J.: 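Dumping the structure here so I can ask a few things about it.
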Amino acid sequence: MPDRRSRHDVRGSGPVLLILPGGAGHPMGLEGATARLAERFTVVTSDPLGLSLGPLDGPVGEQRVEAWSDGAHRLLDSLLPDDESAYVFGSSSGGIVALDLLARHPRRLRHVVAHEPPSLAVLPDAARQRAMIDEVDEIGRARGLGAAMARLQAGLVGGTWDGPPAFVPEVDPDTPMGVFLTRVLRPFTTHIPDLPALKSLSARLTLGAGHDSRGQLPYRAAALLAELSGGDFAEFPGGHLGVIEHPVTFADRLTALFTGAAEGTRGLSVGSDGATARRRASRAPRRAT
């Protein structure tokens with residue numbers, strides 16, 4: 001039986017960099033990026049549910065952002081000497097955790113990069129996006145998780161929805177994707193970041209989004225969060241899964257951001273289109289927090 005207390009992997013040497021994966025926290029597909037990052041950092045990859053250790057040995061309850069960030073905080077405390085701090089990178093749902101970790105446990109953190117956190121609650125059209133998540137749940141119960149995933153993908157990219165295609169692969173509820181759809185998606189996307197806390201820590205925060213994600217929900221959320229918190233905004237190669245699709249160039253971009261943060265360089269250039277996206281986000285109606 002796998003020991004699910006062993007929920008992290010460590011490789012490389014140098015300053016500690018904590019990786020918070022997306023989805024249900026399974027680090028699958030991150031090997032290329034972590035190998036590259038390990039040339040410069042001690043890379044600690046979190047696995048909050050131990051999904052990389054094999055099939056789950058029991059039911060999983062609804063997950064909480066705070067529980068994952070508390071676990072990340074305990075992990076860093078167990079690994080870092082008293083006088084050291086860590087860099088943090090979180091993608092997608094891991095980006096939501098990274099924001100909460102910075103807001104509630106900032107003492108051990110050098111700099112945090114949150115890539116496309118789908119914090120839909122901060123968007124001006126949050127009610128519409130909550131309705132989309134409701135529909136994902138309803139489709140999952142009525143037609144299966146494969147159809148639910150198809151609905152979610154259409155919603156995230158802003159596409160129209162006329163029902164699932166004739167054939168969609170089924171998703172087992174005990175797989176990482178099944179756990180994400182049934183136990184992570186709703187509580188994470190509806191979680192409201194602590195914007196006052198993040199604003200007070202904005203010098204240690206960068207929001208990121210993929211070049212290919214422009215106009216999509218996670219990109220919109222990242223750009224608006226940068227504006228609301230006062231953190232930096234940076235574009236990355238690829239789209240929502242850029243860390244998997246372009247592991248080397250993505251890792252090099254991340255390294256450059258952390259190097260700039262260590263040297264005290266802020267306001268890193270994101271290119272004219274990225275800057276435009278941030279200006280547009282700043283004109284969007286702001287929601288009360």
Side-chain angles (χ1 to χ4, degrees), residues 2-22 25 27 30-31 33-53 63-91 93-115 117 191 193-208 225 229-232 234 243 251-266 268:
D3 180 1
R4 297 197 180 274
R5 293 171 297 179
S6 302
R7 295 177 178 174
H8 67 275
D9 173 78
V10 181
R11 64 178 64 189
S13 61
V16 171
L17 166 57
L18 175 64
I19 304 291
L20 302 171
L30 297 179
E31 298 84 1
T34 57
R36 181 70 165 186
L37 291 166
E39 298 173 10
R40 298 285 300 273
F41 302 94
T42 298
V43 179
V44 180
T45 305
S46 174
D47 181 6
L49 296 178
L51 291 171
S52 64
L53 303 175
Q63 299 299 294
R64 295 177 56 250
V65 173
E66 294 84 358
W68 285 26
S69 62
D70 285 346
H73 172 62
R74 289 191 297 270
L75 176 59
L76 287 177
D77 268 352
S78 72
L79 295 173
L80 289 170
D82 289 341
D83 59 345
E84 291 189 12
S85 55
Y87 297 108
V88 177
F89 169 73
S91 184
S93 55
I96 294 174
V97 177
L99 294 173
D100 191 66
L101 179 63
L102 178 62
R104 297 195 302 116
H105 302 293
R107 186 176 67 88
R108 309 303 300 272
L109 308 184
R110 291 191 187 190
H111 198 87
V112 170
V113 174
H115 179 263
H191 179 267
D194 186 342
L195 289 172
L198 293 176
K199 189 173 292 187
S200 71
L201 297 160
S202 61
R204 287 190 266 167
L205 176 62
T206 298
L207 277 299
L225 280 168
S229 68
D232 281 342
V243 66
D252 288 348
R253 175 64 165 143
L254 186 60
T255 297
L257 289 171
F258 285 140
T259 301
E263 294 173 352
T265 303
R266 299 205 70 220
L268 295 168

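Throughout, residue positions are numbered sequentially from 1 according to the sequence presented. Note that the structure is a prediction, hence the values are computed from the model and not measured.
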J.: Which distance, rounded to the nearest 0.5 Å, do you find between the NE2 of H8 and the CD1 of I19?
T.: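 If I round to the nearest 0.5 Å, the distance is 13.5 Å.
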J.: For a quick test of reading the model, state the closest non-hydrogen atom pair linking A234 to T206 and the distance between them.
T.: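 The pair with the smallest heavy-atom distance is CB-CG2, 4.0 Å.
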J.: Determine whether H115 and V243 make a side-chain contact, defined as any pair of heavy atoms from C-beta on separated by less than 4.5 Å.
T.: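 Counting from C-beta outward, H115 and V243 never come under 4.5 Å.
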J.: For R74, what residues pass the side-chain contact (heavy atoms from CB on, under 4.5 Å) criterion, not counting sequence neighbours?
T.: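 D70.
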J.: Considering residues at least two apart in sequence or located in another chain, which fulfil the ring-ring contact (aromatic ring centres under 6.0 Å, His included) criterion with H191?
T.: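 H191: no ring-ring contact (aromatic ring centres under 6.0 Å, His included) contacts found.
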J.: Enter the distance from L201:CG to K199:NZ here, rounded to the nearest 0.5 Å.
T.: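 Output value for this atom pair is 12.5 Å.
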J.: Say whether S69 and H105, considering side chains only, have a donor N or O and an acceptor N or O under 3.5 Å apart.
T.: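 Side-chain D/A pair, S69 to H105: absent.
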J.: Checking the side chain of D47 only, and the main-chain atoms of S52 only, is there a donor and an acceptor separated by less than 3.5 Å?
T.: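 Between the backbone of S52 and the side chain of D47 there is a qualifying donor-acceptor contact (under 3.5 Å).
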J.: What is the distance from atom CG of L254 to atom CZ of R36, rounded to the nearest 0.5 Å?
T.: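 Those atoms lie 12.5 Å apart.
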J.: Is there side-chain contact between L207 and P117, with at least one heavy-atom pair below 4.5 Å?
T.: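 Yes. Closest side-chain heavy atoms under 4.5 Å.
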J.: Where do W68 and Q63 come nearest, in terms of heavy atoms and distance?
T.: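 Closest heavy-atom pair between W68 and Q63: NE1-OE1, 2.9 Å.
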J.: Which atoms form the tightest heavy-atom contact between T42 and G14, and what is the distance?
T.: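 Nearest heavy atoms, T42 then G14: OG1-O, 2.9 Å.
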J.: To the nearest 0.5 Å, what is the distance between CD (E39) and OG1 (T34)?
T.: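 That separation rounds to 11.0 Å.
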J.: State, with a plain yes or no, whether a side-chain heavy atom of L18 is found less than 4.5 Å away from one of L101.
T.: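 Side-chain contact under 4.5 Å: yes.
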J.: Test of understanding: with side-chain contact (heavy atoms from CB on, under 4.5 Å), list the residues that count as partners of T255, not counting sequence neighbours.
T.: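 Counting only residues at least two positions away or on another chain, T255 forms a side-chain contact (heavy atoms from CB on, under 4.5 Å) with L37, R40, F41, T259.
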J.: Excluding sequence neighbours, so at least two apart, what forms side-chain contact (heavy atoms from CB on, under 4.5 Å) with S93?
T.: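 Expected list: V184, F188.
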J.: So, for G25 and P48, which heavy atoms are closest and what is the spacing to 0.1 Å?
T.: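 Shortest heavy-atom contact: O-CD, 3.7 Å.
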J.: So do the side chains of L195 and L225 get within less than 4.5 Å of each other, counting heavy atoms only?
T.: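 Yes, their side chains come closer than 4.5 Å.
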J.: Where do L99 and L205 land on the side-chain contact (heavy atoms from CB on, under 4.5 Å) test, with the steps shown first?
T.: CA-CA 8 Å; L99 294 173; L205 176 62; 3.7 Å; yes
J.: Return the set of residues passing side chain to side chain donor-acceptor pair (under 3.5 Å) with S229 (not counting sequence neighbours), or none when no residue passes.
T.: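 Checked S229 against side chain to side chain donor-acceptor pair (under 3.5 Å); zero matches.
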J.: Under 3.5 Å, side chain of R204 to main-chain N/O of R110, donor-acceptor pair present?
T.: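 Such a contact is absent between R204 side chain and R110 backbone.
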J.: Which pair of heavy atoms, one from F89 and one from L17, lies closest together, and at what distance?
T.: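 The pair with the smallest heavy-atom distance is N-CD1, 3.9 Å.
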J.: Could you pull out the closest heavy-atom pair between P106 and R104, with the gap in Å?
T.: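 The answer is CD-C, 3.5 Å.
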J.: Report the residues that fulfil side-chain contact (heavy atoms from CB on, under 4.5 Å) with L80, sequence neighbours left out, ordered by chain and then residue number.
T.: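 Partners of L80 by the side-chain contact (heavy atoms from CB on, under 4.5 Å) criterion, ordered by chain and then number, come out as V16, L76, E84, A86, R108.
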